[in-house]
Amino acid sequence: MKNFSYITLMIISLFFVACSGSSSQKDTQSGLTDSEKPVQDEEISANDGAINVVHLKSDDKMRFDKSEIRVQEGKIVKLTLEHTGEMPKTAMGHNFVLLKQGVVLSDFGNAAIKGEAPDYEFSEELLNDVIAHTKMIGGGESVTIEFQAPPKGEYEFLCTFPGHYGLMKGIFIVE
Ligand code: ZN
């Protein structure tokens with residue numbers, strides 16, 4: 001049974017990979033830059049399936065391409081963080097960190113830089129404030145994590161590389 005579920009998940013994943021492949025092709029043809037792109041309907045419709053698929057981009061300008069992420073309650077979130085820039089992790093590292101409700105984003109951001117460069121891994125204490133997070137990545141890299149969507153509500157996400165959370169933050173909405 002376990003194997004069967006795994007295979008099913010694999011098939012679903014492949015399906016979404018195929019979908020996101022076609023949507024990025026469309027984006028290229030539209031000629032819009034990341035900041036001009038409208039909200040991607042393809043991603044929202046993909047979220048009607050068994051898992052929430054989120055593709056979050058980050059760049060050399062210290063930006064996420066989304067300030068708001070919407071997912072559905074009770075489903076796995078499969079989130080890919082992509083660094084579309086060229087700068088190394090030591091200079092322009094990015095991660096995705098989803099905070100528990102009630103955690104003050106600026107407090108967490110200030111505490112998180114005490115980790116060791118360039119990965120800035122979190123202490124046990126900081127991990128208590130986190131629902132999910134990716135590792136730190138540099139230009140040209142991407143990382144995918146899966147986690148259970150938290151209960152309905154609004155949560156905050158950020159990048160904890162030193163000095164980034166002022167620009168690199170947003171709202172994560174579970175519907
Ligand atoms: Zn960053």
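Just follow the structure's listing: the first ligand is 1, and inside any ligand the first atom is 1.
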Q: To the nearest 10 degrees, calculate the angle at the Zn ion (ligand 1) involving SG of Cys159 and SD of Met168.
A: 110°
(Q) Can you tell me which N/O/S atom of His94 has the shortest distance to the Zn ion (ligand 1)? (A) ND1
Q | Residue of the set Phe157, Tyr165, Phe161, Tyr155 for which ring pair (Phe, Tyr, Trp, His ring centres under 6.0 Å) holds with Phe96 | A | Phe157
Q. Are Lys135 and Ile145 close enough, and set up right, to give a side-chain contact (heavy atoms from CB on, under 4.5 Å), and what steps lead you there?
A. CA-CA 9 Å; Lys135 64 178 183 177; Ile145 55 169; over 6 Å; no
**Q.** Under 3.5 Å: donor-acceptor pair, side chain of His83, backbone of Met92
**A.** yes
Q. Any idea which N/O/S atom from His164 gets closest to the Zn ion (ligand 1)?
A. ND1
Q) Counting only N and O atoms by type, is there a donor-acceptor contact under 3.5 Å from the side chain of Gln148 to the main-chain atoms of Gly74? A) yes
